[in-house]
Amino acid sequence: MSGVTTVSDLKSRIELYRLQLTPDGQGGYDETYVRVGMVWAQIHRPRFWETEAGGGPATAITQGITIRYRKEVASDWRIRYQHTEYRVLHIEYGEKRDVMTLTCTAVSHHG
């Protein structure tokens, strides 16, 4: 994720989803993700590191994804790329605010 990102680096298509909260009628909210659209992106190499989780060793993995700057993208958004859903953890902006790099982690669905 170093250097300047050019249009020719944005070779992959990803889908963007924003969080939508809907009242559940019981004083709470249901969370759903609404598709915003598809954008071109640069998919970076995943980053791996060893950590502790639940008292034992674990491996953490994050995925960097660079897209053109979009002011509405937030850290509660989701991304879909090649049948995998990712949760945005952090957003880093380019020097000229022309691009943004989303640090993500894969979402696992249990049950």
- Given side-chain contact (heavy atoms from CB on, under 4.5 Å), test H44 with I65 step by step and report yes or no. CA-CA 6 Å; H44 301 280; I65 300 172; 5.6 Å; no
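- M100 and Y17 end up in different hydrophobic clusters when Ile, Leu, Val, Met, Phe, Trp and Tyr side chains are linked at under 4.5 Å.
- L21 places a side-chain heavy atom less than 4.5 Å from the side chain of E31.
- Inter-residue side-chain proximity for D98 and Y69 is flagged as unmet; no heavy-atom pair is nearer than 4.5 Å.
- Contact of the L19 side chain with the Y33 side chain is registered, since non-hydrogen atoms from C-beta on lie closer than 4.5 Å.
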- Under the side-chain contact (heavy atoms from CB on, under 4.5 Å) rule, what do T84 and Q63 come out as? Steps first, then yes or no, please. CA-CA 11 Å; T84 302; Q63 176 67 60; over 6 Å; no
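- Heavy atoms from other residues, nucleotides or ligands lying under 6.0 Å from OH of Y29 number 12 at most.
- To the nearest 0.5 Å, atom OG1 of residue T101 and atom CD of residue E92 are 6.0 Å apart.
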- Item | L102 and W77: CA distance, side-chain angles, deciding distance, side-chain contact (heavy atoms from CB on, under 4.5 Å) verdict | CA-CA 10 Å; L102 312 172; W77 281 37; over 6 Å; no
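- Linking Ile, Leu, Val, Met, Phe, Trp and Tyr whenever their side-chain heavy atoms come within less than 4.5 Å leaves Y86 and I61 in two separate clusters.
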- Verify side-chain contact (heavy atoms from CB on, under 4.5 Å) between R78 and R80, making sure each step is shown before the conclusion. CA-CA 7 Å; R78 299 276 171 104; R80 183 173 297 276; over 6 Å; no
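- The shortest distance between side-chain heavy atoms of Q42 and V99 does not fall below 4.5 Å.
- A 6.0 Å sphere centred on CZ of R87 holds no more than 12 heavy atoms belonging to other residues, nucleotides or ligands.
- Hydrophobic clustering, with ILVMFWY side chains joined whenever heavy atoms are under 4.5 angstrom apart, keeps Y81 apart from L89.
- For E72, the CD atom counts as densely surrounded, since its 6.0 Å shell holds more than 12 non-hydrogen atoms of other residues, nucleotides or ligands.
- Contact of the S12 side chain with the W40 side chain is not registered, since no non-hydrogen atoms from C-beta on lie closer than 4.5 Å.
- Between L16 and I79, the closest side-chain pair of non-hydrogen atoms falls below 4.5 Å.
- Between I14 and V39, some side-chain heavy-atom pair lies under the 4.5 Å cut-off.
- Between the OG1 atom in T62 and the NE2 atom in H90 there is a gap of 11.0 Å [rounded to 0.5 Å].
- To the nearest 0.5 Å, atoms CD (E15) and CD (E85) are separated by 10.0 Å.
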